[in-house]
Amino acid sequence: IYQTACYQFKDTGHAADLFSLDQLGYVYSRLTNPTVDALQKRIAALEGGTGATACSSGISAILLALFNLLQSGDEFVTSSRIYGGTVNMLKNSVKQFGWKAVFVDPMNLDEVKAAITDKTRAIYAESFANPEGHCCDIEALATIAHDAGIPLIIDNTMATPYLIRPIEWGADVVISSTTKFMCGNGSSMGGVVVEGGKFDWSQNDKFPLMAGPEPSYNNINLHEKFGDQAFTVRCHAVGLRDLGNCQSPMNAYMTLNGLETLALRMERHSENALTVANWLTEHPDVSWVSYCGLPSSKNFATASKYSHKGYGAVFTFGAKGGYEAAKTIVESVEMIRHVANIGDTRTLIIHPASTTHSQLTPEMQEQVGSGPSVLRISIGIEHVDDIIADLNQAIAKAS
């Protein structure tokens, strides 16, 4: 663990080369750190990318990716079926930068196409959507994006590269909250931006930040100088430098440890989730289950196209008694944890309408699948019989 803020230079020439980007190396841990770099290289390899930038959280990874693409007055098209915190950030907070988010249903490809204008600089979606668990059609979204000369950004937090590798299906940038499944035990915050390396930033005049003069580095053209790693270099050299949202070495170390069991955990998460989802569909006090791993799901075919090893750990279900019944279930679980997180080894549950999605209007809550009766559950790796037993007794109390 390189728990250090700065690094000693060999001589003045070495320092000058690092500060001018004529040589890449370690200057200051806000930009680069050996422990964090090890994490970046492993995640880039897992996702099949050319480079990666680790940062302080999943939300900061979204900000970092958009920071490379958008200037004041620019727009981006985003899925409405995404994490509530992301919806709030993209709907409200990014307005302070002069950016505009245009929300669409990613399942309606005509709606996605219609939302693209001359000001659009990217399409953003989640591979498996949080909280519903729906899988977007990555290949189709990539085609729409590339026909418009813009990149596709996919948040792969819920699937992880064990289940889906979006770059193989045309995604240009992949982001994840490493806080979730990559770390795996809820101990360490982090996010990551992975560059696919195939997008041509010089194909049009839409991306001057990537393929125009960079004033803070002697007006170099980052795409010309760094090619398929230009996006990653700018994330570090400009993004982390000026936004300051770097990941700590300790959190990177904890996440590196978590990655060692990612495949084992995702396999167990997915197996348990499918068993629990099937059980819930038969429960008389559950009105519906939204999980793309169920053959009855309208999204089953799309999810099966992209994921051959399972359908993830997170899904939603509806309590027949509505808002109050849903809250009672959450308050009655004993082994299952009531926390605002996903991707833990332990099973987690939450009532989105009163917590994670409470900032949204009732109409928006319904649109993103977080209405009053909805419960989001992140299935852990405990014995599946224990998970079902706890849910059973909690639902019984609610009904």
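What you see below is based on every heavy atom in this structure, not just the backbone, and it leaves out hydrogens, waters and symmetry mates.
No side-chain donor-acceptor contact under 3.5 Å links Asn272 to the backbone of Ile379. Between the side chain of Ser373 and the backbone N or O of Gly322, no donor-acceptor pair lies under 3.5 Å. Proximity of a side-chain donor or acceptor of Ser307 to a complementary backbone N or O of Ser304 within less than 3.5 Å is not detected. A donor-acceptor distance shorter than 3.5 angstrom exists from the side chain of Asp390 to the backbone of Glu334, with no hydrogens or angles considered. In this structure, the side chain of Asn218 does not engage the main chain of Ile220 through any donor-acceptor pair within 3.5 Å. Judged by distance alone, the side chain of Thr261 and the main-chain N or O of Leu264 form no donor-acceptor pair under 3.5 Å.
Looking at residues two or more places apart in sequence or on another chain, you find no side chain to side chain donor-acceptor pair (under 3.5 Å) involving Thr78. Residues satisfying the salt bridge (charged side-chain N to carboxylate O under 4.0 Å, His left out) test with Lys119, not counting sequence neighbours, are none. Residues forming a side chain to side chain donor-acceptor pair (under 3.5 Å) with Tyr162 (at least two apart in sequence, or on another chain): none. With sequence neighbours excluded, no residue forms a side chain to side chain donor-acceptor pair (under 3.5 Å) with Glu271. Scored by the side chain to side chain donor-acceptor pair (under 3.5 Å) test, Asp17 finds no partners at all (sequence neighbours excluded).
Using a cutoff of 4.0 Å between basic side-chain nitrogens and carboxylate oxygens, Arg81 and Asp105 are scored as salt-bridged. Comment: Lys225 engages Asp22 in a salt bridge, judged by a side-chain N to carboxylate O separation of less than 4.0 angstrom.
Looking at Ile381 and Thr345, their side chains come closer than 4.5 Å, going by heavy atoms from C-beta outward.
Ring centroids of Tyr311 and Phe300 are separated by less than 6.0 Å, placing the two rings close together.
Screening residues 238-266 for salt bridge (Lys or Arg N to Asp or Glu O under 4.0 Å), with sequence neighbours left out, gives no hits.
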